[in-house]
Amino acid sequence: MADDNNGPRIGVYVCHCGGNISEVVDVDQVRDFAGELDNVVLSKDNTHMCSDIGQQLILDDIKEHNIDKVIVAACSPQFQGETFMDVLEKAGLSPYVVRMANLREQCAWPHFNHPDLATQKAKVLVNGAVANVRNSEALERQSMTIGKKVLVIGGGIAGIQASLDLGDAGFEVYLVEKDPSIGGHMAQLSRTFPTEDCSACILSPKMADVPANENINLLTYTEIDDIEGYIGNFKVTATKKARYVDMDKCVACGDCEKVCPISVPDEFQEGLRNHPAIYAPFDFAVPHRNLIDDTLCVRCGNCVDACKEDAINLDDEPEQIEFTVDTIIVATGYDVFDPSEKKVYGYGKYKNVITAMEMERMIVAGAEGNPIRNPGKKIAFVQCVGSRDEQIGREYCSRVCCMYATKMASLLKHSGPHRDVYIFYTDLRAFGKGFEEYYKRAQNMGVKFIRGRVAEALADDPEGRVTLKVEDTLTRRIIESDFDTVVLSTGIGLSKSTDKVADMLRLAKSEDGFLKEAHPKFKPVDTNIEGVFLAGTVQGPKDIPDTVAQASAASSRAIRLMNRGEYPIEPIVAFAHEEMCDGCELCVAACPLNAISMAEGKAEVNDALCLGCGSCLSSCPTDALDLHMYTNTQMLDEVTNALKDKKEGETRILVFADDTCTYRLADSVGTAKMSYATDSVIIRVPSGSRVTPKLMLQSLALGADGIFIGECEDRTSPFPHSGEAIRENFDAVTRILEEEGVSPERIRFVSFVTVMLGGFVNNVDSLVRLAKDLGPIPEDKREALVKDLNAKLFGVRTQA
Amino acid sequence: MKIKKLDLSEENVEFLVKISDLSGETVTLCEQCGTCSGSCPMVSEMDITPSQMVRMVQLGESEVMDTKAMWLCASCFTCTVRCPRGLDLSKIAEALRQITLRKAVDYIDIRDLSKDEMKRLPQIALISAMRKFTG
Amino acid sequence: MKVPYYPGCTLKTKAANFETSALAVAERLGIELVELPRWNCCGTVYSLADDDLIHHVAAVRNLIRVQEMNAQGLVDDEYRLVTLCSMCFNTLKQANVRMSENPEDLEKINDLMYLEDDYEGRVEVKHLLELVDELGFDKVEEQVKNPLEGLRIAPYYGCMLLRPTEVGIDDPEDPQIQTRMLEALGAEKIENPYRKVCCGSYQTVQDKKVVSNLAYDILTHARNAGADAISLSCPLCAFNLDSRQREIKEDHPSFREIPVFYFTQLMAMAFGLSEDYCGFDLNYIDPEPLLSAKGIIGGSNGE
Ligand SMILES: Cc1cc2nc3c(=O)[nH]c(=O)nc-3n(C[C@H](O)[C@H](O)[C@H](O)COP(=O)(O)OP(=O)(O)OC[C@H]3O[C@@H](n4cnc5c(N)ncnc54)[C@H](O)[C@@H]3O)c2cc1C
Ligand code: SF4
């Protein structure tokens, strides 16, 4: 037991976990082994370290023996990590100088049938942890101050709901909507499934509440130009487009509309009616004021003369505005699939092939006693147009079409019981509350549901009836039948106008093209960027109830951050050792989040932007870049100690496990008592991209027989570009291994999701087997691997 | 016709695997939407529809060999460009034909054609028919 | 411009009129179609079984001929191989795509044909329509001396020009290339969704009624859309839509027969070339009455 007065004073506590550990691992041996390690001042064991008694033990030792760093060799840090951090904090130490050696999930449980080997491995794990903690930094718990201002982008039902929630809770909201009115798609709908409430009737009071709320700054007809900064300090620049109509004077009397010579298809009416260049968006628009679309206006001045209120100013100019906010909610919604892409259905060619949204408007017009056109007697709804279709690269289900078709079929049947209404579907998805009952009600009304995807729409006369060809898959009959109106139930995809916003905020997208949530289960409205949240259909197809629920969730997540006036931040961020930085700037481009900039010739990391993946470290030729909690020194020490006592003939591979997926996966494997080779040591990293090429080569040089990096799949990773970064690192290492005649099969990278238990086991086992087959890397080659390492690596890198 | 029970035995699975291998298509991907059947120019001549043919393969019903659908397939690729699951049914039909043809059992005999037809038919018709219907 | 040309068997016999008209119009457009030396049958249909590589040998052999033509100076650095027959086009191109996408298959095929040079994968299989499109339909328009005014022609594509998507020359659900050609020739445009419906192809050998039923549908819909004639690019479609009108007539005595042209015959007429190039004697339904009625032939501008 070393009692070096200058070095750290480490206390090690080995836990029995009430037998969970001690029935497999010889706790006494481990405790005694740890006691001999450098800087370890005392080593103890206890049946339950997490109990009050266990915690008190640590507290007492810190006081009595001046312990300043702690190892708890017990369960997974995912499990009790916070507990022991709190203990240290209580004792007046930094909570970041405790490490846990994972003896339960990653040793005793998976290796329960090899007690001896498990004990050996427990020592290795403790040895690694001690090495890591020795140079751990006494970081402080950190927090940032934060204000109470929120930007909500998009004024559909999602944005409206979020703004009202936030406004009511006393937060200051900027609601930015690109169109002249808020309301979004919901404003266009006839009624809403499954209750058949009139959409305008339930939406318009909510819309009216927005300008009435004193905490909401409503900015319609406004586009975001730029957003810079980070949580607590987002700088927003936006342009209010010129409306040419004074909002204070206009009473929306409509006189101007009558004299305007222009007439173009009205988007809100899905092109089924026209509007002049000066118009009000729709009859319950908020704000309900006219405006001039300057792309249409010919400046004839007729309206200026007609306006009794003198509200029109043809010289109006756009206005740039700037403000800062603390958090952002993105609610920019969806675009309906453009069915002219799906040529088999003849949309745009055949007059009687229309979209669902057109049918919504036809139903509204009909109900208002001002019909646009008569849909006729025999009507077909064609499901899955632009959904679940690999031919156009849209594989997902749009989730609303089955029910909106059922809704419109019911409404058509209700207003004209003589009508024959058919819904041709692939699978009818009636999963929501009250949906099954609604489906049944439609069947009861005589709506005919036919299970078959429409193959084709044909017409000799483009103005005439349309023939549909479809198999009734339940009877295997081929239906070839004419319809008066064919309604394409078009799916929904991310709105194009979201792209610019997503780029500005660096938001990731999921495979279906919608914006990606931080975690599909536990952070469904958070994004990969702190302080930015998603609400509504930007995150994926959903109906109004789900949209509203999500909007409220997003506002409460934003409130959670802002309410206390300060919020805790993770200390795991990159930093630069100033004295080592030579100002090469390679790291600036390496950070996918642009968190690194140069200040007076030295790299500087913006803590608020840095997510702490560590991928920038690989770009630094001078080792100046580093990562708190996982510093270069700590990592190398841990690796060194984890390999130190490897004996002749033994095999050992290092598994660098990312904290979000692979480390938890390994825990689950242990919990399931699935076994894998004991010749593996799991090392926790924030992301696989923290493992630099240098660290990989050093590990091999120090005696690792194989290296395995596990990382979340890109889809579920909190770090959007880590997969790419890891692959780049692998390319660099592979080249060097090949040059030195070491098999590149020794390094392996696998993307995991946390349910792939078998995948983890197989990968570890097969790499161990392979390493055994290959035998150890000969001493001379190991030395060669790290010789002139910097030149080798950065030679390779600059070439690449 | 009586309803026959399926017991989903190992032979059924083997048949599915065989057709999947021979066609290079992941037959289990079919979601039975019927797009292929609605698109098929020959369907009105068939005894089972194309989607039914795929279903029988999915279930490993080797009785599909006794049906005519695969022989009526004209390899027009209409289903291929429309299948929402990206399956190429023309390959599945070819695999089914090959099972018979590789047993040296031909589906047609060119000698059955009348003199007049022989005279009228262009070469490409004859050659392609031989390629598709004889081993 | 000299371009390698693969005729295929039927172009030398039953569809000789397709070839004579094509060669003549191509020449007018400044394209010399140089017939491959030692070409062999392409197999007419692309083999679809995954393990059936041997059947692609026939197609690949013809592609190797293109390499040889370049080596021998018969063409000058020209790796486009032009076909007229849609079936040959499809078979050659599908085989070519498979070779370029699967290097392993290419290697195996090259091993199988060890007496030949290796196929290098450089050839591009093109249908004449594509080649003309690349040249520009304005060039076609420049050659038109005898516009097909008043002639209402429904283009028919069938399958082999359009599907599968990897080899198709146009949108499989809304092809336009023939329409652009017909517009350049001055004909009236007819849009008809049945232009992409299969004519039954080789089923014509097995059961002619199956095919005549399909042809009846296709032709009737073309008529309903107002067409006087059909234009196409495949000798098998031509047989099924033209010759099989005999069987249609047997089943539907009131059926109004409709002439079927190769698009190159229409080009030849519009270019004012002699009727000899068109070989209308090989057409089953004689198009001449229609052409005279519309004043396209019978004038004095033939060469
Ligand atoms: C035909 C059809 C019928 C439907 N029927 C029903 C039904 O009966 N019941 C039901 O529950 N659901 C129904 N839905 C679904 C419903 O429309 C959605 O759930 C809901 O409208 C989603 O609202 P949202 O706010 O997420 O998106 P949106 O309504 O699309 O709102 C997004 C808003 O953001 C704005 N915006 C976009 N980009 C920007 C930008 N860059 N800057 C500023 N603003 C921007 C847009 O202008 C828009 O106002 C139907 C959908 C369709 C297609
Ligand atoms: S189109 Fe594709 S998915 Fe649909 S039934 Fe046919 S094979 Fe199956």
Side-chain angles (χ1 to χ4, degrees), chain B residues 19-25 39-46 68 71-83 86 88-99 101-102 107-110 112-114 116-134, chain C residues 8-15 41-52 55 85-88 90-91 94 158-160 162-165 167-168 171-173 196-211 213-214 217-218 234-236 238-240 243-244 246 284:
Chain B
I19 302 301
S20 304
D21 286 350
L22 203 49
S23 62
E25 294 295 302
S39 302
C40 182
M42 306 300 295
V43 72
S44 50
E45 308 290 336
M46 292 175 174
K68 282 203 318 183
W71 300 108
L72 282 158
C73 166
S75 305
C76 73
F77 304 117
T78 311
C79 50
T80 310
V81 300
R82 290 189 186 157
C83 173
D88 190 342
L89 265 73
S90 66
K91 291 191 172 154
I92 300 172
E94 181 107 329
L96 291 169
R97 287 190 295 265
Q98 288 292 322
I99 299 263
L101 298 178
R102 288 183 189 185
Y107 186 66
I108 58 164
D109 188 340
I110 291 286
D112 294 345
L113 288 174
S114 71
D116 174 54
E117 277 290 290
M118 276 305 263
K119 225 173 90 196
R120 283 173 73 197
L121 285 166
Q123 284 92 324
I124 38 175
L126 290 166
I127 301 170
S128 47
M130 307 235 296
R131 288 285 310 278
K132 293 289 177 183
F133 299 142
T134 65
Chain C
C9 43
T10 307
L11 275 276
K12 293 296 176 187
T13 51
K14 301 257 155 81
C41 172
C42 62
T44 69
V45 281
Y46 175 76
S47 214
L48 294 162
D50 206 45
D51 60 352
D52 192 8
H55 271 114
C85 166
S86 307
M87 288 195 79
C88 302
N90 194 283
T91 307
Q94 288 214 56
C159 316
M160 295 295 134
L162 303 177
R163 299 184 287 261
T165 320
V167 302
D171 185 323
E173 302 296 357
K196 53 191 181 171
V197 173
C198 174
C199 67
S201 186
Y202 50 77
Q203 296 293 348
T204 201
V205 176
Q206 183 196 179
D207 186 346
K208 53 188 174 185
K209 284 289 170 196
V210 168
V211 166
N213 286 342
L214 280 171
D217 259 7
I218 293 167
C234 170
L236 185 49
F239 177 78
N240 286 343
S243 278
R244 288 285 181 228
R246 192 169 103 188
Y284 176 73

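Within every chain, numbering begins at 1; the chains are lettered A, B, ... in the order of the sequence lines, protein sequences first and strands thereafter.
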Checklist line | Verdict with supporting geometry, Phe239(C) and Tyr284(C), ring-ring contact (aromatic ring centres under 6.0 Å, His included) | finding: CA-CA 8 Å; Phe239(C) 177 78; Tyr284(C) 176 73; 9.0 Å; no

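- Contacts of Arg246(C) with chain B are made by side-chain atoms alone, with heavy-atom separations under 4.5 Å and no backbone atom involved.
- In this structure, chain C has no heavy atom under 4.5 Å from any part of Ile92(B).
- Listed options Ile108(B), Leu72(B), Thr80(B), Leu126(B) were ranked by heavy-atom pairs under 4.5 angstrom with chain C; first place goes to Leu72(B).
- The contact between Leu113(B) and chain C is made entirely by side chain atoms (from C-beta outward), counting heavy-atom distances below 4.5 Å.
- For Ile127(B), the parts lying under 4.5 angstrom from a heavy atom of chain C are both the backbone and the side chain.
- Looking at Lys132(B), only its side chain comes within 4.5 Å of chain C, counting heavy atoms on both sides.
- Between the side chains of Asn90(C) and Gln94(C), at least one donor N or O lies within less than 3.5 Å of an accepting N or O.
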Next item on the list: Quick one: do Gln206(C) and Phe133(B) satisfy side-chain contact (heavy atoms from CB on, under 4.5 Å)? Show the steps, please.
Entry: CA-CA 9 Å; Gln206(C) 183 196 179; Phe133(B) 299 142; 3.6 Å; yes

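- Of the two parts of Asp112(B), neither the backbone nor the side chain holds a non-hydrogen atom closer than 4.5 Å to a non-hydrogen atom of chain C.
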Margin query: Walk me through whether Ser75(B) and Tyr46(C) qualify under side-chain hydrogen bond (donor to acceptor under 3.5 Å, both in side chains).
Written below: CA-CA 9 Å; Ser75(B) 305; Tyr46(C) 175 76; over 6 Å; no

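- By number of non-hydrogen pairs under 4.5 angstrom with chain C, the leading residue of Arg120(B), Gln98(B), Gln123(B), Glu117(B) is Arg120(B).
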